[in-house]
Amino acid sequence: MGRTRTRVLPNGIRLVAVERPGAPLAAVLLRVGVGSADEEPDERGLAHVLEHMVVRCAMDGGRAGDGALVTARTGKEATVYSTVVRHADVLPAVAALGPVLGELDVPPGEFAAELTAIREERAQRSADPAWRLQESLMGALWAGTRRAHPVLGDPYVVDALTPRRAYRFHRRWYRPATAVLVVVTDRLDRLLPRIAATAAAWGHGRPGGVDLAPGSAPHPASRPDSRSVLHPASRPVPLCAERPAVGRVAVSHGPLAGVAAARPGAESAAAVLACDAVRAATGLVLRTLPLGEWLCVWAMTKAADPVPVGDADSVLMGDVVRTALAAARARISRPDGAAWLRTEVLIPRLRAEDDIETAAQRASDPRAAVGTDELTICQARSVGDVLAEWRRWFGPERPVGGPVAVPGAAEGP
């Protein structure tokens with residue numbers, strides 16, 4: 001990994017340029033600080049609808065450079081547009097993302113067509129029990145906050161949206177002051193001045209023009225804060241399990257039946273390696289998602305037989321995750337634990353971090369910006385401490401004996 005340069009441009013955009021010497025491709029990413037957590041009750045789903053409209057209308061279908069596809073995704077706190085291109089196409093790719101922050105024309109016919117596509121997307125996701133359970137888990141963990149409702153929103157609200165509502169939401173939130181532009185390339189010194197000049201001209205008012213009122217946009221930091229109700233010690237463990245039809249696979253999640261834990265602070269190198277250690281030692285996949293100043297941690301599994309829903313089953317299913325966490329910690333604590341962590345966990349992680357898109361995604365969000373240096377120097381003891389802390393989150397301590405029995409990991413949405 002080479003140098004990383006960060007600057008705030010005159011129009012408010014935060015530009016992060018990452019040098020990747022010798023990388024065969026380059027990545028360009030624009031992260032706009034608005035997601036489903038910023039929606040009012042009568043706007044639920046609008047951030048996702050707007051993502052579709054921006055790609056369809058502002059970006060003419062989402063192509064950059066020599067035709068590389070721009071991918072877009074909406075989360076609870078941000079909407080991200082990104083593409084991977086040849087180094088020769090970095091500047092055209094940057095220019096292709098500029099209309100995201102410009103004026104948005106929303107023709108009624110185009111709007112209606114995207115609502116139809118979103119209904120189809122909802123139907124596909126709703127047919128997946130893993131998606132339904134994940135949304136149930138997040139809703140239970142963040143109950144009473146703006147982060148509780150799904151990114152896809154309320155179908156009744158979405159059906160009632162109008163092009164005018166989409167235009168106003170875009171005008172309010174899609175401002176340079178809420179955006180981060182990340183460019184990962186091996187030609188940093190030559191391209192950076194032109195990238196900065198291009199992005200500094202983005203904003204509302206006129207095509208390619210500077211935003212004349214940067215202070216009028218809400219800043220992501222002003223998002224309603226829900227931290228006071230989320231401390232693990234004061235939150236009951238939500239139960240999210242689904243009883244499938246006969247012959248169908250049961251999916252339970254959140255430590256098997258619904259635990260999500262939240263930890264203050266950024267996603268550290270030790271937390272990243274802890275997740276990988278659990279998977280390497282037991283096969284259980286732990287998932288993490290930074291929201292606000294918290295890190296949500298959960299697991300999803302599949303069972304061969306239907307899983308009944310009840311307090312006793314919640315305890316038993318929670319035991320599966322606690323057992324997996326304990327097994328990973330025990331593996332690290334063995335005399336060869338440091339060597340195992342290096343070969344089975346650290347090296348595969350460093351290979352994954354070498355992916356150009358992963359580098360851009362991490363650089364766009366400081367909470368997830370765990371560098372390769374931090375991963376490399378992370379000690380086995382620190383990873384073990386994280387595993388022990390997480391085991392406490394997932395319920396009361398219980399004796400662990402016998403072999404680790406972890407059902408097959410369920411791939412989430």
Side-chain angles (χ1 to χ4, degrees), residues 1-34 59 62-66 68-73 75 77-102 174-203 208 210-211 214 219-221 266-267 269 290 350 352-376:
M1 180 71 72
R3 298 166 296 167
T4 297
R5 296 185 181 180
T6 302
R7 68 175 68 173
V8 177
L9 302 181
N11 59 348
I13 290 178
R14 186 163 68 91
L15 172 61
V16 181
V18 181
E19 185 178 48
R20 295 294 296 270
L25 296 170
V28 180
L29 178 150
L30 181 64
R31 185 180 191 269
V32 184
V34 58
M59 304 186 69
R63 295 287 176 177
D66 61 354
L69 180 67
V70 175
T71 61
R73 53 200 174 276
E77 296 180 329
T79 304
V80 176
Y81 304 85
S82 64
T83 186
V84 174
V85 297
R86 303 177 304 169
H87 290 289
D89 290 318
V90 167
L91 291 175
V94 170
L97 293 179
V100 171
L101 298 176
Y174 274 60
R175 298 281 186 150
T178 71
V180 179
L181 174 65
V182 179
V183 179
V184 184
T185 178
D186 71 346
R187 305 177 184 182
L188 191 60
D189 290 333
R190 187 172 68 182
L191 295 177
L192 187 55
R194 296 174 66 184
I195 291 171
T198 298
W202 292 350
V210 174
D211 186 346
H219 191 276
E267 185 179 5
L350 291 177
E353 292 294 317
D354 194 51
D355 178 76
I356 198 91
E357 284 187 284
T358 300
Q361 291 166 9
R362 287 197 173 276
S364 72
D365 187 352
R367 296 169 302 178
V370 180
T372 54
D373 290 342
E374 288 86 349
L375 291 168
T376 302

Beyond-backbone contact of [X] with [Y], side-chain heavy atoms, under 4.5 angstrom:
X: Leu101; Y: Leu30; result: yes
X: Val183; Y: Val90; result: yes
X: Ile13; Y: Val8; result: no

For the [atom1] atom of [X] and the [atom2] atom of [Y], what is their distance to the nearest 0.5 Å?
X: Leu25; Y: Glu357; atom1: CG; atom2: CD; result: 9.5 Å
X: Met59; Y: Tyr81; atom1: CE; atom2: OH; result: 8.0 Å
X: Arg31; Y: Ser82; atom1: CZ; atom2: OG; result: 12.5 Å
X: Leu97; Y: Leu29; atom1: CG; atom2: CG; result: 8.0 Å
X: Arg190; Y: Ile195; atom1: CZ; atom2: CD1; result: 11.0 Å
X: Arg14; Y: Leu181; atom1: CZ; atom2: CG; result: 10.5 Å

Determine, for Asp355 against Arg362, whether the closest basic-nitrogen to carboxylate-oxygen distance falls under 4.0 angstrom.
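A salt bridge is absent here (no side-chain N lies under 4.0 Å from a carboxylate O).
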Take Thr4 and Val16 through the side-chain contact (heavy atoms from CB on, under 4.5 Å) test and state the conclusion after the steps.
CA-CA 7 Å; Thr4 297; Val16 181; 3.9 Å; yes
Among His87, Glu19, Arg20, find the residue that satisfies the side chain to side chain donor-acceptor pair (under 3.5 Å) test when tested with Thr185.
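Passing option: His87.
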Walk me through whether Arg5 and Asp189 qualify under side-chain contact (heavy atoms from CB on, under 4.5 Å).
CA-CA 10 Å; Arg5 296 185 181 180; Asp189 290 333; 3.1 Å; yes
Which atoms form the tightest heavy-atom contact between [X] and [Y], and what is the distance?
X: Ala196; Y: Arg7; answer: CB-NH1, 3.8 Å
X: Ala17; Y: Leu192; answer: CB-CD1, 3.7 Å
X: Ala23; Y: Ile356; answer: CB-CD1, 4.2 Å
X: Gly203; Y: Pro176; answer: CA-CG, 3.9 Å
X: Val18; Y: Ala363; answer: CG2-CB, 4.1 Å
X: Leu9; Y: Ala199; answer: CD1-CB, 3.5 Å

Test your reading of the model: is there a side-chain donor-acceptor pair from [X] to the backbone of [Y], 3.5 Å cut-off?
X: Thr83; Y: Leu69; answer: yes
X: Asn11; Y: Trp202; answer: yes
X: Thr79; Y: Val34; answer: yes
X: Thr198; Y: Arg194; answer: yes

Working note: Leu350 + Thr376, criterion side-chain contact (heavy atoms from CB on, under 4.5 Å); need CA distance, chi angles, decisive distance, verdict.
CA-CA 8 Å; Leu350 291 177; Thr376 302; 4.1 Å; yes
